[in-house]
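This report concerns only the one structure given below.
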There are 2 protein chains.
Amino acid sequence: MKNHHRSVKVLRRGDLAKLTGCNLETIRYYENIGVMPEPPRTSKNYRAYDESHVGRLRFIMRARELGFTLDEVRDLLALVDGGVQTCGEVQGLANSHLASVRAKIDDLKHIERVLSSTVAQCTGDDVPECPVIDALTEVT
Amino acid sequence: MKNHHRSVKVLRRGDLAKLTGCNLETIRYYENIGVMPEPPRTSKNYRAYDESHVGRLRFIMRARELGFTLDEVRDLLALVDGGVQTCGEVQGLANSHLASVRAKIDDLKHIERVLSSTVAQCTGDDVPECPVIDALTEVT
DNA sequence: TCTAGGGTCTGTAGCTGGTACAGGCTCAAG
DNA sequence: CTTGAGCCTGTACCAGCTACAGACCCTAGA
């Protein structure tokens, strides 16, 4: 029977957390740093969210999953909120992020190569000589 | 003429930083968290390093370059310092680190695939419709 | 009606791996 | 003797959260 006569179902912070899978505290954090808007409050000072906040938070979470930094998320949201975002602008942001993702992959691949080739030389025996230690100790 | 009669050349923190390329403050940080040993001090309380510290710091820096966390570095150093490290033990550490590197690569590759395929659909035009925004807004 | 338990509110501390700066000493060159 | 560089300490800051203390508030059961 609750909310039966109310036009908009009010979500509390815990509801929003459950709906999105976001950590409860992270929601407040996002509000503090300005990526989530300050929601209206109930008479008892509880945050009162609605469906629009669910969408916003999901947007942020998806962007984070794609590795966008919170700064980049802010930029994306600013474009969306401005209502005047163009595909070109968004593409620009996405492409520069993509470049940094690729750079990270290259870094890690380099590490992977060095590490795996070094480990491959290990005997794995109960002896003190170890190619990994040698590589780290090397007097270059 | 300086240090001419001294058996061991003493290095100050700045010297160590220059020799290794490590940031000056980072050296103190490494000491605080216990991966660099507390060096002896001069009468005026200056840290007095020697060649062994250069080796130690280089070891740490190489391990960091290979993506080992400082916790893992601590473990490696403990094995080395124990003097009883075995190739098998070190190989174990290196392999588990290698696994996490590979996991990170996989994560990033997934991101790269999603991102690049989405961006590829962009017209890049001056229009508000954008596949990237759509992907982030999607009502799944 | 009282009470126990959950939820929420705030501010703040902790994590990793550093980096930077203030305020005070000390040292070497000119 | 002065001036600038280097060093000392503690502390604050960055991202991106996460967690906890202490104070409210709300609801269900006895």
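The figures here come from the full heavy-atom set of this structure, side chains too, leaving out hydrogens, waters and symmetry mates. Letters A, B, ... are given to chains in the order of the sequence lines, protein chains preceding strands, and every chain is numbered from 1.
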CG of B:Asp126: more than 12 outside heavy atoms within 6.0 angstrom?
no
If I compare all heavy atoms of B:Met36 with all of B:Leu16, which pair ends up nearest, and what's the gap?
CE-CD2, 4.2 Å
In whole angstroms, how far is the [atom2] atom of [N] from the [atom1] atom of [X]?
X       : N      : atom1 : atom2 : value
A:Asp15 : D:dC26 : CG    : C1'   : 14 Å
A:Leu66 : D:dG16 : CG    : P     : 14 Å
A:Leu24 : D:dG16 : CG    : P     : 20 Å
A:Ile27 : D:dA19 : CD1   : P     : 14 Å

Expected string for nucleotides 9-19 of chain C under the B/S/- scheme (protein heavy atoms, under 4.0 Å, primed atoms plus P, OP1, OP2 as sugar-phosphate) is SBBB----BBB
I need the full list of ring pair (Phe, Tyr, Trp, His ring centres under 6.0 Å) pairs touching residues 89-129 of chain A, with sequence neighbours left out, sorted by first then second residue.
A:Phe68-A:His97
One pair to check against side chain to side chain donor-acceptor pair (under 3.5 Å): A:Asp50 and A:Ser52. What are the steps and the verdict?
CA-CA 5 Å; A:Asp50 61 38; A:Ser52 76; 2.6 Å; yes
Can you get from A:Ile33 to A:Ile27 by hopping between Ile, Leu, Val, Met, Phe, Trp and Tyr side chains that sit under 4.5 Å apart?
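Linked within one cluster.
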Quick one: list whatever passes salt bridge (Lys or Arg N to Asp or Glu O under 4.0 Å) with A:Arg12, sequence neighbours left out.
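Listed in chain order: nothing, the list is empty.
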